[in-house]
Amino acid sequence: MKKILYYLMFLILLCTSCNNMLDIDSTRVVSEENMWEKIEDTRAKLMGVYAMTKSALVDRNAFWLYGEVRSGEYAIPSRMDLRSISANELNANDPTLEALRNWRRWYAVINEANIFLERAHEVLEKDERYTQNNLNVDMAQARFLRAFAYFNMTRIWGDVPLITSSSEGSFTSKKREEKEKLMAWIELELQQAADHLPVRYSVNEPEQLGNYYNEATSRWDGTLATKIAAYAIMAHLAAWQENYPDVASYTAYVMDNYTRANINYVATSSLVSPSGFFFDKHSSQMFAFPSIWGHVEANFTGQVEELTLAAPVVNKSIPDMYYTKETISSVFNEPKDERFSIDTLGNPVTENYFRNFNGRYPILSKIKCIQGGNTDPSFRIFSSALVFSRLEDMVLLRAEALAVLGDRNGAVEMLDRIRENRGLALYSEANNGDLVDAIFKERRRELMAEGHRWYDLVRYHKIKNNDPDFVQLIREGGIYWPIAESLLRQNVLLEQNNYWQ
């Protein structure tokens, strides 16, 4: 019991003080001695890998700075670090950018996953309550999270060192692996993980029998990696590789099986509610990292609300980033859009995504989980889930794949599922322009502030190949981040990304 309490205290500190945690130079954050004896140990250690993954994503709001701010589409009133990212000045001398250039927080995740994969079997030998089925599911989750870490790193830096053993916990003398080999390895890892992951936990799936760790399905929905989540990540990985036949295949699996996982399309009212889709946890969060108010997981930092919200939604005079009135009008330019629309006089008809449209700073208020899902603006502590993928993301990614592969009817059918759900008329080329353009525009509207925009832009320009500056950025490797100077000094075998030399 003492060991479990110690580890739970560690997890609380990890989740609430991730900035300090990730500043510690350590590859093994707790002693491994006597930590692999009981079923309680495997649960605690596995939850630790999840907690570290979440910390790597939200530390300094990294997930949104990489995926949203870098698009260059937000106006930045005052923060110089955000301005540098938006302008692609990623070598700027700034503590936030230096932290974002450093991949160490991801290798902390990888090392903990490696330790789990190497040691979990010991509990099988010592505790009869821990079954082979339990071990298989746990190992699959650790493998998934390790692959997810590498997936994030290869999208951010391209080539990175591949470390698959905890004995290699110090990666200071390891060369970078080519991104093509990395992505092939990631795909294989995710496929192997998917073989042992259930579609849903504690519903007696063949891959996971009975109640997982004696908890009902309501405990696990929206918190753990599933077979559906593995296919969602594989679909994104294939899209990043421009392998659209595989995108079509992986998204087809999601479309055929999402109802088994109790995943549904999100109503607009839930999407934008303080106590709706982004609040707490539930099965329609296909792959997410919740901040559960009831578990004291809300934060002042590490949530997208910290960057986007200001008066009149919260007690803050100026948002860190916002869309200009002109940008909003160009993106939400169709009538009856439930997310946001304006009349012929330029006044809002629906304000679900934005508040204060005609003020100096339009406020992107789509995600606004304040405290326990209420609307009190006086105390800025946020509790939204970081949702990496949801059904609408998969539908639009499938539409993208089918459009590229020449299945126009299939692509339009997928696009129209989202358009109809948001109150829009069916797609027509006469009204909505080129099909690929319309799909990416719909992704921009639907997934706004969810961390996808930069990666969508890269894929769009690879498909269209009609923007010379962006195409050159892709060819020269400028879509990747520079490597932190501290890492280069630490490891003489590393070389800076060519674009940033």
Side-chain angles (χ1 to χ4, degrees), residues 10 13-15 17-30 48-49 51-67 69-70 79-115 145-146 148-179 182 301-302 454 476-501:
F10 159 72
L13 289 172
L14 176 67
C15 293
S17 305
C18 59
N19 287 358
N20 293 333
M21 177 67 216
L22 293 172
D23 284 339
I24 298 172
D25 284 311
S26 173
T27 56
R28 299 197 180 193
V29 294
V30 295
V49 183
M52 294 190 76
T53 304
K54 180 181 178 181
S55 291
L57 288 165
V58 305
D59 179 41
R60 298 177 187 266
N61 293 309
F63 181 71
W64 296 281
L65 270 56
Y66 289 136
V69 176
R70 200 182 174 191
R79 282 185 54 173
M80 294 306 298
D81 55 346
L82 302 190
R83 288 184 180 180
S84 295
I85 296 170
S86 181
N88 203 40
E89 297 169 354
L90 306 184
N91 266 335
N93 183 18
D94 180 271
T96 297
L97 271 74
E98 177 62 19
L100 294 177
R101 293 190 288 261
N102 197 318
W103 56 45
R104 181 163 49 86
R105 63 193 185 280
W106 284 112
Y107 280 104
V109 175
I110 289 163
N111 196 59
E112 287 302 295
N114 285 339
I115 292 171
L145 292 170
R146 183 176 65 174
F148 180 67
Y150 278 113
F151 165 73
N152 279 278
M153 287 198 295
T154 198
R155 289 205 303 178
I156 296 166
W157 289 282
D159 303 345
V160 299
L162 177 62
I163 299 172
T164 58
S165 169
S166 65
S167 63
E168 303 172 42
S170 173
F171 54 89
T172 56
S173 60
K174 201 165 183 67
K175 291 183 178 180
R176 300 164 70 192
E177 194 68 69
E178 292 180 358
K179 55 184 174 293
L182 276 170
T301 185
W454 166 252
E476 293 180 356
I479 60 173
Y480 300 110
W481 274 70
I483 302 169
E485 288 297 324
S486 59
L487 295 176
L488 296 173
R489 291 192 299 270
Q490 187 182 46
N491 182 358
V492 295
L493 298 181
L494 292 179
E495 293 184 4
Q496 183 61 273
N497 280 328
N498 291 334
Y499 183 87
W500 300 103
Q501 288 180 356

With a 4.5 Å cut-off on side-chain heavy atoms, are Tyr150 and Ile163 touching? yes
With a 4.5 Å heavy-atom cut-off, do Tyr107 and Val160 have their side chains touching? yes
Rounded distance [0.5 Å steps], CE in Met153 versus CG in Leu162: 8.5 Å
Output the distance between atom CD1 (Ile110) and atom OG (Ser165), rounded to the nearest 0.5 Å. 12.5 Å
List the atom pairs, donor and acceptor, that lie under 3.5 Å between side-chain atoms in residues 81-88 and the rest of the protein, sequence neighbours left out.
unit_1, atom_1, unit_2, atom_2, d
Asp81, OD1, Arg79, NE, 3.1
Asp81, OD2, Arg79, NH2, 2.6
Asp81, OD2, Thr96, OG1, 3.3
Arg83, NE, Ile76, O, 3.1
Arg83, NH2, Ile76, O, 3.4
Arg83, NH2, Pro77, O, 2.4
Ser84, OG, Met80, O, 3.1
Asn88, OD1, Arg70, NE, 3.1
Asn88, OD1, Arg70, NH2, 2.6

Give me the atom names and distance for the closest heavy-atom approach of Ala56 to Val109. CB-CG2, 4.1 Å
Decide yes or no on side chain to side chain contact (heavy atoms under 4.5 Å, CB included) for Tyr499 and Ile479, but give the supporting numbers first. CA-CA 9 Å; Tyr499 183 87; Ile479 60 173; over 6 Å; no
For residues Asn91 and Arg101, determine if any side-chain heavy atom of one lies less than 4.5 Å from a side-chain heavy atom of the other. yes
Do Ile483 and Trp500 come close enough that some side-chain heavy atom pair is under 4.5 Å? no
Asn497 vs Arg176, test: side chain to side chain donor-acceptor pair (under 3.5 Å). Steps then yes/no. CA-CA 11 Å; Asn497 280 328; Arg176 300 164 70 192; 2.5 Å; yes
Does Glu98 offer a backbone N or O that forms a donor-acceptor pair with the side chain of Asn102 under 3.5 Å? no
Quick one: list whatever passes ring-ring contact (aromatic ring centres under 6.0 Å, His included) with Tyr66, sequence neighbours left out. Trp481
With heavy-atom distances below 4.5 Å as the criterion, would you say the side chains of Leu57 and Trp106 are in contact? yes
When rounded to the nearest 0.5 Å, the distance separating CD of Glu178 from OG1 of Thr154 is 11.0 Å
Does the side chain to side chain contact (heavy atoms under 4.5 Å, CB included) test come out yes or no for Leu65 and Arg60, once each step is laid out? CA-CA 8 Å; Leu65 270 56; Arg60 298 177 187 266; 5.6 Å; no
Report, as yes or no, whether the 6.0 Å neighbourhood of atom CD on Glu476 holds more than 12 heavy atoms from other residues, nucleotides or ligands. yes
Taken to the nearest 0.5 Å, the spacing of Glu89 CD from Asp94 CG works out to 11.5 Å
Have a look at Leu487 and tell me which of Arg489, Gln490, Glu485 forms a side chain to side chain contact (heavy atoms under 4.5 Å, CB included) with it. Gln490
Of all heavy-atom pairs linking Lys174 and Leu493, the shortest is N-CD1, 4.2 Å
Distance in Å, Leu494 CG paired with Trp103 CH2, rounded so as to fall on 0.5 Å steps: 5.0 Å
Nearest-0.5 Å distance, OG1 of residue Thr53 to CZ of residue Arg146: 12.5 Å
Donor-acceptor check, side chain of Gln501 to backbone of Gln496, threshold 3.5 angstrom: yes or no? yes
Ala108 versus Met52, closest heavy-atom pair with distance: CB-CE, 3.5 Å
I need the minimum non-hydrogen distance between Arg105 and Leu100, along with the two atoms involved. NH2-CD2, 4.2 Å
